[in-house]
Amino acid sequence: EGEGAATLRRVTRSVTPLAAPRMMDLPQFQSNHKESLYWGTYRPNVYLGIRARTPLSLIAGLMWIGLKNGQYFLRHVCQDSDELSTYGWTAHNGRDYGRQLLVDHGLLLTTSFLKEKGESSGYGGDWAVRLDANSERSGLSDAQESTTHLFFYIADETGKPITMGSHEPSSRGPVLLASGSHEEIGDWKLYLRSEDKLEIHRAGFKSMSMHNLSDLVQQAVATNAMQTGSLNLPDMTEDSSNIMVYQVSIKTPSQIDIVFLSGCASDSAMIKERITRLTGPMLSARLETKQKEFEERYDQIFNVNNKIDSRELSVGIAALSNLLGGVGYFHGQSRIALPKGFTQKNGDKYIPYWPAALYTAVPSRSFFPRGFLWDEGFHQLVIWRWDVHISMDIIGHWLDLLNSDGWIPREQILGAEALSKVPEEFVLQYPSNGNPPTLFLAIRDLASGIHAKQFSDDEAEKISSFLERAYVRLNSWFQWFNSTQSGKYEGTFYWHGRDNMTTRELNPKTLTSGLDDYPRASHPNDEERHVDLRCWMLLATNCIRSIAEFLKMDNALEKDYKKMSNQLSDFGTLNKLHLDDKIGAYFDYGNHTEKVRLRWFDVKDKDVMRREFLRETLQPPRMQLVPHVGYVSLFPFMMGAIPPESWVLEKQLDLISNTSILWTDYGLRSLSRTSSIYMKRNTEHDPPYWRGAIWINMNYMVLSALHHYAHEDGPYKGRAGELYEKLRSNLIRNIVENYHETGFFWENYDQKNKGKGKGARSFTGWTSLIVLIMAESYPTLHR
Ligand code: 6A9
């Protein structure tokens, strides 16, 4: 076989689904379960976006005209540049209720979402959106109070035309805005009702591209403004429009209810009654009940009453709500990079993955509104505790993305809407690149929760059949790591794919590890070994082993896992490979020198002189432990892999508690202040990222371990307990203060500068682990 044929086979395999029964075909994900999750706020990238969990859905959403420094801006897609002083869900149960607050330069908007399946509803039920608009500046006279323009749209991704309702532009309702039909839900109708004075304008468009609705509306308003001088939609509609936009102009305060009814064809549709139930006073009553139920459930599950005060409680509730309100449904095809030097006939350097659906939480609605593999494992630690059915559905979707090699693309950019947010250099996914298998963290909890009889009978039954079906997939995922990320010597692992040619980076990045620019061996080669990856392998092995035991699979595979788990948890081997026994820290091992620096060089390129910021190596690298203390050095500790009586444990507690090394008043820094790379830029354009800042996912892991060692007998029990209390209260205090001060959760927190939030704001991914930190909810770490 020629080289070309082998490459082709490899490429084809990488875009072929794993040959195993699909998770999403499990009976537990069909019928009621599926229907109950049909509609939702599944478009987290916009300020308010509703769709169904189906590839070609009806989608609905909100826009409004914001006024900043005397200029008008159309708000729609979550953007930090809009400078809202806060936006986010203050309540959301992930199913049928949510409440969001948005503050845009003096305009206060509340968006409530409620879903209900009535006797006469069609598939998926009906839903209502309540919009409350208020002005922050009270006391303005009527004349001073300017008009607020809200836009609500509904669009059919299948392209089917939508019929516009007929009504007076100033009627308050209930007025029929639009109607249509969709294969899955039958005939539907959209109504508006309000008791307030309002004006309605509209426009209809025909288009299949839904990712630039903002432009469509902006242009329509701008064109009409030039012709008529008013900021209104033109009240015109294109033939067979499948996108309908309604502009509702109001004076604050105002309240508008919008209600969507499905299954409207039948005579017994009871449309009037359903509108009454889902608008006005009856909607108010329902929303109140839902809010109460939500708070009670939070209380019951996270049981934080005597652990935190009310100022903290509200932040915990917001964290959970934003995580759940950030759950989206995406559909599309990842782009998989072709091997170097290969291009398709049409010039594409990628091949598409199979069309796939992904139901997932997202790290940040404004910055990263899509699925990320290792982020998701952390998200699920919170979500399974809230609603284990939602969590299994999300994990199931991810596991169905396994290809026939056992690989899952790290960053999921599915569909035009998701693609529109990603700079080109980040789009392609490489089938040789891994990312930590953190889903095992959540799966471990599910498996051990069954052992501990923590779940109801119904839940336990579903978790069992879930794990049973997941087993093959988890096994092949594990085997992918085991075969592609292994080191030169048996039982060693390293993140493959680091760039060993680069002269541009101070330290070649390891995006695959999730810790991006965290320092590793300065000169990557195939003899290196990464201690964090070894620990992820340990977690995965133990997890699969315990599932096998639980499923009573007495076969050769199970024996392999037993053997591997014993090998990987052997303390002597771990220490031989990774321990620096002078300071008791765990390190990577590799070809490394500390004597590197970035310097400006004059470079001649095609007779043009340029200045470049390049790496200079002042001393040849040699094989050694990579002496940087930081999150990576704590991985064996995080996994509970150190025996409680070992002297190494004491050393780890020393590293953690030392203020010159990892300890700060706001949480643990990612990298020791004493590291040669601490807070160093990686290139001219790459500021430090995992080189000092405080990240909440890793702090949660450390906290879990401190909690674990505080409950294990041994000489360091008391000290672990003290550090646990202090670290926990530092994290809570700082995240709570930042939230109250800035209105947002942050991607990471400054280790100096008063612990200020940094990076992406409205980062409602793993920062929401603060919910579990408040509740003191941690995994059981068995060695
Ligand atoms: C950039 C820029 C509008 C980086 O939270 C997601 C990931 C983590 O998995 C990873 O560990 N973040 C962390 O180091 C964000 C990655 C964003 C990459 C794409 C696109 C868009 O700007």
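Just so you know, residue 1 is the first one in the sequence shown, and it goes up from there. Order of listing sets the numbers, starting from 1, for every ligand and every atom in it. In what follows, every heavy atom counts, from backbone to side chain, and hydrogens, waters and symmetry copies are set aside.
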In this structure, atom 22 (O) of ligand 1 is nearest to the protein heavy atom F367 CD2, 4.1 Å
Side chain to side chain donor-acceptor pair (under 3.5 Å) with D80: of S364, S366, S762, only one passes, and it is S366
Legend entry - D516-ligand 1 polar pair, N/O distance under 3.5 Å: yes
Closest to atom 17 (C) of ligand 1 among protein heavy atoms sits F368 CE2, 3.2 Å
The side-chain contact (heavy atoms from CB on, under 4.5 Å) partner of P431 among I336, L338, V15 is I336
At a 4.0 Å cut-off, with the gap strictly under it, does some heavy atom of G765 reach an atom of ligand 1?
no
Query raised in the report: Between Q333 and Y350, do the side chains contain an N or O donor and an N or O acceptor separated by less than 3.5 Å?
Result: no
- Hey, does W690 come in under 3.5 Å of ligand 1, counting only N/O atoms on both sides? yes
Fill in: Ring centres under 6.0 angstrom apart (Y700, W766)
no
Check: Do R53's NZ or CZ and the ring of Y359 fall within the cation-pi criteria of under 6.0 Å and 45°?
Finding: yes
Atom 18 (C) of ligand 1: of R410, E411, E425, E376, the nearest heavy atom sits on E411
The protein heavy atom nearest to atom 6 (C) of ligand 1 is D375 OD2, 3.4 Å
Nearest heavy-atom contact between N322 and G88 is OD1-CA, 3.3 Å
Numbered in order shown, the ligand 1 atoms found under 4.0 Å of a heavy atom of W766 are 8 (C), 11 (O)
L323 and T764 have their tightest heavy-atom pair at CD1-O, 3.6 Å
One finds that the ligand 1 atoms under 4.0 Å from a non-hydrogen atom of R370 are 19 (C), 20 (C)
(request) May I ask you to check if ligand 1 and G514 share an N or O to N or O distance below 3.5 Å? (result) yes
Quiz item: So is there a nitrogen or oxygen of W695 less than 3.5 Å from a nitrogen or oxygen in ligand 1?
Solution: no
- Message: Distance to the ring centre below 6.0 angstrom and angle to the axis at most 45 degrees; does that hold for R51 and Y42?
- Response: no
